[in-house]
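Mind having a look at this structure? Questions to follow.
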Amino acid sequence: MIGFVILAIIALGGGIGVIVARQPVHSALFLIMNILALAIFYILLSAEFLAAAQVIVYAGAIMVLFLFVVTLLTAGKDDREPKENLAGQRLTAGILAVLVGGGLAVVGVLYPSRAIGLGLPHNFGNLRGMGVTLWGPDFIYLAAVALMLLTAAVGVLVLNRPRRQVKPAPRLEERES
Amino acid sequence: MTYALWPEYSVVIGVFVTMIAVMVFNRRSIQAYWVGLATIVVSGIITIADWSSKSLPVALYGHAVTVDAFSLVVNGLVLVAAAGALMIGWNDKRYGPDFPVLVLLALLGMMVLGLANNFVVLFIGIELLSLPLYILAASRGTGESGEAGLKYLLLGAFSSGILLFGLALLYGASGTLVFTHLDPAHMILPLAGAGLALTVVGLVFKLGIVPFHMWIPDVYEGSPLPVTTYMAFGTKVGAAAILMRFLFFGFSLDAGWWGPALGYLAVLTMVVGNLLALAQKDLKRLLAYSGIANAGYLLVGISAHNMFGARALLFYLLPYGLAVLAAFAVIQFVAGERDSLSLDDLTGLAYRSPWLAAFLTVAMLSLAGIPLTGGFVGKFYLIQAALFANQPGLAIGLVVGAMVGLAAYVRPLQRAFSKAAGESSEPIRWPVAGSIVLVVAVVATIGLGVYPAPVVHIVNHSAAFYWLH
């Protein structure tokens with residue numbers, strides 16, 4: 001339980017850091033902190049393979065890519081934030097978020113789920129167990145997720161197509177209603 | 001029995017063939033559109049064959065998906081939506097060669113939502129539906145289109161997060177992923193309640209119910225016209241189908257948990273959506289608010305929670321979708337090279353093109369619910385369902401909403417039939433594919449209003465799904 005609380009604080013701190021940090025690079029580093037805390041969570045839940053994959057894929061590959069992009073694209077850019085039109089929305093959103101999150105946490109702690117007591121299936125969390133599930137009964141999900149990734153690849157092609165120059169529409173101002 | 005999932009498999013094959021067609025032929029070629037349309041036709045034929053086979057309903061992959069009359073009707077509706085969107089944007093240079101591929105991928109997501117009987121399939125369906133639409137919304141390449149895509153992506157990701165949180169809590173409370181194995185009597189109540197609330201919020205967000213409707217007008221306005229058509233018809237079908245399936249399969253015995261909340265949301269949505277539609281100057285925004293109001297009508301069918309409600313919802317989806325197809329086809333014709341149309345642009349339409357004005361009139365009157373159009377019959381069944389469920393408040397809300405809506409739908413007609421001040425501009429071009437969609441949609445709208453019996457028979461058969469499991 002103590003380990004859980006410490007890890008939860010680290011993970012939450014990382015998550016808050018991602019959105020609070022001024023520099024995109026700091027955000028990315030906070031995200032790594034969050035990802036590593038989640039990886040240790042997976043180990044506590046005896047899902048070793050997921051923990052390893054989390055560290056290698058997310059903290060390793062994706063975040064390195066992320067850092068490269070951030071350093072290449074934002075070097076020397078102005079990092080001041082645009083002015084907000086709606087005063088006090090951050091404060092309101094923060095209070096609401098804390099209330100909802102706190103409420104859900106209280107519900108979760110007071111009424112622990114029943115499935116916890118069921119015990120783990122054979123080979124849970126290791127590579128063999130994952131493979132047998134994913135390529136056996138759950139193969140249909142794997143195929144569907146593959147199609148989702150295909151969509152993302154098509155999307156990269158579509159959105160990176162060179163743009164024709166279109167002059168901006170004059171109606172942009174009167175659109176708020 | 002083994003053919004039960006072939007409508008979906010044929011769409012998957014169609015996606016790959018369409019991509020190859022885009023690659024092999026010239027990028028600006030029409031072949032991809034033909035392959036996409038052929039895929040939709042083949043999938044429709046297999047759906048009809050499944051309907052007439054005697055082997056349904058079947059549960060496949062360990063109760064992950066259920067193929068029954070309900071899922072086949074959803075298949076049919078989303079196939080109509082995809083065919084309409086594809087033909088309205090037929091070979092249009094503005095939307096790029098990938099348009100048919102993404103339409104087919106979103107179609108697959110909508111079909112999966114009709115089949116789902118499992119939290120994982122539900123989530124995958126929602127994502128498979130949303131991802132191509134995010135891209136399609138931004139595919140025009142103008143500032144507004146990009147804004148629409150980004151807004152849709154951010155808010156869609158936000159709602160997916162809420163949905164996923166809710167599903168996780170429900171899994172924790174019940175210990176099962178399958179809707180039909182959920183047993184509300186043996187759940188840990190506060191946990192299940194929180195999970196149900198978050199899940200319903202996530203789904204209702206996709207449907208566009210007030211107060212989760214903020215994204216709809218901006219996204220509909222900025223997206224290319226065929227994509228807006230597709231979102232207004234297809235997404236609503238998918239979201240309404242999965243919401244009904246999830247609640248009726250999983251929580252049909254505990255309607256008290258969710259029925260009243262959805263009822264209040266339905267009344268709020270019908271009134272607010274129609275009121276805001278009154279104030280719009282842009283036709284796409286007007287139809288976006290009309291879509292919000294119509295999502296409220298659909299919610300009446302769910303919160304009535306009886307067979308009549310399920311039937312009325314399934315029936316109402318068809319006239320609503322046909323009216324949307326007809327209205328957007330008219331907008332596409334009149335707008336021509338542009339991508340949006342203000343009410344002022346409609347002025348004098350009846351003198352420039354009497355037929356277009358007549359078709360627009362039929363579409364708008366159907367959305368408003370005037371007799372002899374499909375929209376009237378749909379609203380009639382919805383009110384009947386609300387009254388049979390002893391919920392007169394829902395019926396009153398629907399009537400009030402429809403009356404306000406009538407004023408909103410008559411405004412474009414008033415412009416269309418008033419004399420233009422200046423000289424008339426160039427004649428309106430009628431693209432062949434779009435004309436087919438327009439004529440079929442208008443004829444079917446009137447047909448549904450005059451002789452709805454065949455469609456009523458089909459939806460009666462398919463709405464009985466949750467008694468059979």
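As the structure is a computational prediction, the values presented were derived from the model and not from experiment. The sequence lines fix the lettering, A, B, ..., with proteins before strands; numbering per chain opens at 1.
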Worksheet item: Does any heavy atom of chain A fall under 4.5 Å from the side chain of B:Val15, the backbone, both, or neither of them?
Response: side chain
Worksheet entry | Portion of B:Leu102 that has a non-hydrogen atom of chain A nearer than 4.5 angstrom | side chain
Worksheet item: Out of curiosity, B:Leu286 CG to B:Ser290 OG, how far, rounded to the nearest 0.5 Å?
Response: 7.0 Å
Worksheet entry | Residue B:Phe165 versus chain A: region with a heavy atom under 4.5 Å | side chain
Worksheet item: Which heavy atom of A:Ala39 sits nearest a heavy atom of A:Gln54, and at what distance?
Response: CB-CG, 3.8 Å
Worksheet entry | B:Leu105 versus chain A, the contacting section by heavy-atom distance below 4.5 Å | side chain
Discussion item. With a 4.5 angstrom heavy-atom cut-off, is it the side chain or the backbone of A:Leu110 that approaches chain B, or both, or neither?
Written reply: neither
Worksheet, complete the sentence: What one should report as the nearest heavy-atom pair of B:Pro224 and B:Ser145 is CD-OG, 4.2 Å
Worksheet item: What part of B:Phe123 lies closer than 4.5 angstrom to a heavy atom of chain A: side chain, backbone, both or neither?
Response: neither
Worksheet item: At a heavy-atom separation under 4.5 Å, does A:Leu147 approach chain B through its side chain, its backbone, both, or neither?
Response: both
Discussion item. If you compare all heavy atoms of A:Asn34 against all heavy atoms of A:Ala11, which two are closest, and at what distance to 0.1 Å?
Written reply: ND2-O, 2.9 Å
Discussion item. Is B:Val112 close to chain A through its backbone or its side chain, or both, or neither, when contacts mean heavy atoms under 4.5 Å?
Written reply: neither
Fill in: Polar side chain donor-acceptor pair, A:Tyr141 to B:Asn118, under 3.5 angstrom
yes
Worksheet item: Are the side chain of B:Tyr220 and the backbone N or O of B:Trp215 linked by a donor-acceptor pair below 3.5 Å?
Response: no
Worksheet, complete the sentence: Okay, B:Leu108 and chain A: the region with an atom under 4.5 Å from a heavy atom over there is side chain
Practice prompt. Of all the heavy-atom pairs spanning B:Gly195 and B:Leu169, show the shortest one and how long it is.
Written response: CA-CB, 3.7 Å
